[in-house]
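Below is one structure; the comments refer to it alone.
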Protein chains: 2
Amino acid sequence: MKTVAAPKARVSDSSVRRLSRYHRILEDLENQGCEVVSSARLAELAGTNPAQIRKDLSYFGAFGKRGSGYRVHELRARILEILGLTRSWKVVLVGAGNLGHAIFSYKEFTRYGFHIVAILDTDPSKIGQAWEGIRIRPLDGCEEVLAATGAELAVIATPAAAAQAVVDRMAKAGIRGVLNFAPREVEVPRKVALRTVNITIELEGLTFDLRGRNEG
Amino acid sequence: MKTVAAPKARVSDSSVRRLSRYHRILEDLENQGCEVVSSARLAELAGTNPAQIRKDLSYFGAFGKRGSGYRVHELRARILEILGLTRSWKVVLVGAGNLGHAIFSYKEFTRYGFHIVAILDTDPSKIGQAWEGIRIRPLDGCEEVLAATGAELAVIATPAAAAQAVVDRMAKAGIRGVLNFAPREVEVPRKVALRTVNITIELEGLTFDLRGRNEG
DNA sequence: CGCTGTGAATGTATTCACAGCG
DNA sequence: CGCTGTGAATACATTCACAGCG
């Protein structure tokens with residue numbers, strides 16, 4: 001009864017994002033030597049309210065102590081479990097252009113157990129190069145690469161036109177999750193997890209907020 | 001009475017994202033020579049339902065023709081107005097590392113009127129270099145750079161530790177919108193628009209969905 | 001007593017269903 | 001008639017408020 005149970009209800013996407021946020025705050029608190037934290041304090045740091053935090057956590061169990069709050073280290077461990085981060089995840093990067101290189105060089109996610117184990121591209125001038133010892137391989141061999149490395153997640157950093165075909169192929173080859181940076185909506189089979197990040201759409205969110213408003 | 005009015009109610013973030021999506025689909029339809037589209041067809045292409053589309057649009061006006069649907073070209077124009085994309089937006093890029101370079105090289109958003117007009121960094125070895133003719137300038141001169149270029153949006157591609165200070169400074173210098181790629185939550189004054197993109201949090205969204213599930 | 005955990009209440013987003021226009 | 005535009009209904013997310021435990 002110590003492990004985190006399956007959630008009692010469907011948990012919203014925003015709730016999951018908040019859990020990621022809480023986790024980062026708890027890391028900071030732990031580094032500062034803070035041992036216990038209340039939902040009120042955590043809410044203040046996360047920019048939300050205490051009830052939201054207690055509700056988010058309550059989907060997965062009861063991790064606090066009435067009267068005192070949450071033990072920082074323990075709550076952090078619980079959230080890691082909830083997010084599926086108690087093990088490491090192997091990632092295949094598809095697309096060795098500028099964006100692919102930036103993602104590869106971005107060491108932040110290594111801290112959370114995400115490891116790029118393979119790089120794929122179609123460009124013959126890229127294939128055979130290596131980044132930090134990882135050989136760039138032809139997309140055509142992706143099935144073998146997935147099998148050999150055991151990668152379960154794919155990060156798509158290809159041009160828009162290539163994205164859907166790449167994702168189809170990865171899905172067939174057994175990929176379990178896809179993070180798509182290509183500026184094109186892609187479809188995946190039901191059982192494959194998907195998120196898309198589109199820089200232009202984020203910029204449009206800003207200009208929507210500013211539209212009409214005058215400068216100053 | 002032809003222009004797009006201020007929305008009748010507070011419009012949700014997800015609704016704004018969908019409008020961006022509709023816009024892309026309408027572009028495709030227009031390129032295919034399609035002149036008219038119904039909410040049913042658009043919903044099919046966008047992966048949502050017809051009522052959602054009509055509701056999203058109804059916040060801003062009545063753009064369709066009963067009995068036939070929406071004129072593709074006109075609706076596209078309306079959505080551009082809604083999103084604030086009928087003019088171009090000057091963007092300052094802060095951080096000339098890998099990620100900054102990838103964003104700079106990413107030409108997709110140029111098509112929608114976003115233009116990087118300045119690049120800032122603190123690294124002396126970067127300062128003075130130029131990317132496609134745009135000189136990398138010291139962050140210390142950011143007030144002058146903003147004034148001289150008229151940039152209204154900032155894309156933050158700095159390390160986490162630098163992000164808040166950079167954003168504070170930009171805000172003081174009159175920036176109107178911030179797109180933050182640094183892996184750190186930042187605060188901005190009320191009147192500044194903000195979006196944050198955090199790759200690790202997106203990956204955690206995937207592992208949350210997969211946690212517990214077995215492979216295969 | 002001070003806090004959590006949670007059912008109930010509120011607020012928000014999505015979907016339904018149909019009146020009404022082209 | 002076929003579709004949009006929209007109030008009403010439903011579903012969902014957040015916040016309240018308090019019982020109950022440490």
Side-chain angles (χ1 to χ4, degrees), chain A residues 1 4-22 26 29 34-76 78-79 82 205 208, chain B residues 1 4-22 26 29 34-76 78-79 82 205 208:
Chain A
M1 294 270 76
V4 171
K8 293 157 186 179
R10 176 113 204 89
V11 178
S12 72
D13 193 75
S14 24
S15 180
V16 176
R17 294 185 121 87
R18 283 193 300 269
L19 289 167
S20 288
R21 178 104 83 104
Y22 304 157
L26 290 164
L29 289 172
C34 173
E35 298 200 345
V36 171
V37 69
S38 67
S39 60
R41 176 75 182 128
L42 199 46
E44 192 182 2
L45 295 167
T48 181
N49 68 59
Q52 180 77 84
I53 288 181
R54 298 199 301 272
K55 181 66 82 177
D56 285 338
L57 295 172
S58 78
Y59 294 128
F60 303 95
F63 309 129
K65 277 197 175 37
R66 291 168 200 240
S68 58
Y70 302 86
R71 306 213 44 197
V72 170
H73 179 79
E74 190 197 321
L75 183 58
R76 190 173 84 76
R78 292 291 187 241
I79 295 180
I82 292 168
F208 173 79
Chain B
M1 294 272 78
V4 171
K8 293 157 189 182
R10 176 113 203 89
V11 178
S12 72
D13 194 76
S14 24
S15 180
V16 175
R17 294 185 122 86
R18 282 192 300 269
L19 288 168
S20 288
R21 177 103 83 102
Y22 305 156
L26 290 165
L29 289 173
C34 174
E35 297 199 347
V36 171
V37 69
S38 66
S39 60
R41 176 72 182 129
L42 200 47
E44 193 182 2
L45 295 167
T48 180
N49 67 58
Q52 179 78 82
I53 287 181
R54 298 199 301 272
K55 181 65 84 177
D56 285 337
L57 295 172
S58 78
Y59 294 128
F60 303 95
F63 309 129
K65 277 197 175 37
R66 291 167 199 239
S68 59
Y70 303 86
R71 307 211 44 197
V72 170
H73 179 80
E74 189 197 322
L75 183 57
R76 190 174 84 76
R78 292 291 188 241
I79 294 179
I82 291 167
F208 173 79

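We name chains A, B, ... by the order of the sequence lines, and we start the count at 1 in each one.
- Between A:L19 and A:L57, the closest side-chain pair of non-hydrogen atoms falls below 4.5 Å.
- Scored by the side-chain hydrogen bond (donor to acceptor under 3.5 Å, both in side chains) test, A:S38 finds no partners at all (sequence neighbours excluded).
- Between the P atom of D:dT6 and the CZ atom of B:F60 lies a distance of 13 Å, rounded to the nearest Å.
- Contacts with DNA chain C (heavy atom under 4.0 Å) in residues 8-21 of chain A: A:K8, listed by number.
- Within a 6.0 Å sphere centred on CD of A:E44, other residues, nucleotides and ligands contribute more than 12 heavy atoms.
- Here C:dT12 presents its P atom at 12 Å from OH of B:Y59, a figure rounded to the nearest Å.
- Taken from CZ in B:R21 to CG in B:L45, the straight-line distance is 10.0 Å, to the nearest 0.5 Å.
- Separating the CG atom of B:D56 from the C1' atom of D:dG5 is a distance of 13 Å, rounded to the nearest angstrom.
- As rounded to whole Å, 15 Å separates atom P of C:dT4 from atom CZ of A:R71.
- Note on A:S39: a side-chain N or O is less than 4.0 Å away from OP1 or OP2 of C:dT4.
- Residue A:Q52 contributes atom CD, which lies 16 Å from atom P of C:dG11 at whole-angstrom precision.
- For the atom pair A:I82 CD1 and A:S15 OG, the distance stands at 9.0 Å (nearest 0.5 Å).
- Spacing between atom NZ of B:K55 and atom P of D:dG7 amounts to 7 Å, rounded to whole angstrom units.
- Residues B:V37 and B:Y22 are not in side-chain contact: their nearest non-hydrogen atoms beyond the backbone lie 4.5 Å or more apart.
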Q | Annotated protein contacts, base or backbone, on nucleotides 17-22 of chain C with a non-hydrogen cut-off under 4.0 Å, one of B, S, - each | A | B-BBBB
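- A side chain to side chain contact (heavy atoms under 4.5 Å, CB included) with B:Y70 is found for exactly one of B:R76, B:R54, B:R41, namely B:R54.
- One finds the CD atom of B:E35 at 6.0 Å from the CZ atom of B:R71 (value rounded to the nearest 0.5 Å).
- For A:S58, there are no side-chain hydrogen bond (donor to acceptor under 3.5 Å, both in side chains) partners two or more places apart in sequence or in a different chain.
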Q: Dot-bracket notation for DNA chain D is requested: 5' to 3', Watson-Crick or G-U wobble pairs only, both distances under 3.5 Å, with ( ), [ ], | and . as defined.
A: ||||||||||||||||||||||
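- Atom CD of B:E74 and atom C1' of D:dT4 are 13 Å apart (whole Å).
- What separates CZ of B:F63 from C1' of D:dT6 is a distance of 15 Å, to the nearest Å.
- Distances shorter than 4.0 Å separate some side-chain N or O of B:Y70 from OP1 or OP2 on D:dG5.
- Between B:F60 and B:V11 the shortest side-chain heavy-atom distance falls below 4.5 Å.
- Comparing A:T48 and B:G69 by the nucleotide of DNA chain D whose heavy atom lies nearest to each, the residue mapping closer to the 5' end is B:G69.
- Taking B:R17 as the reference, A:E202, B:D13 meet the side-chain hydrogen bond (donor to acceptor under 3.5 Å, both in side chains) condition, with sequence neighbours excluded.
- Sequence order on DNA chain D of the closest nucleotides to A:N49 and B:A62 puts B:A62 first from the 5' end.
- Within the 4.5 Å cutoff, no side-chain heavy atoms of B:T48 are placed close to those of B:D56.
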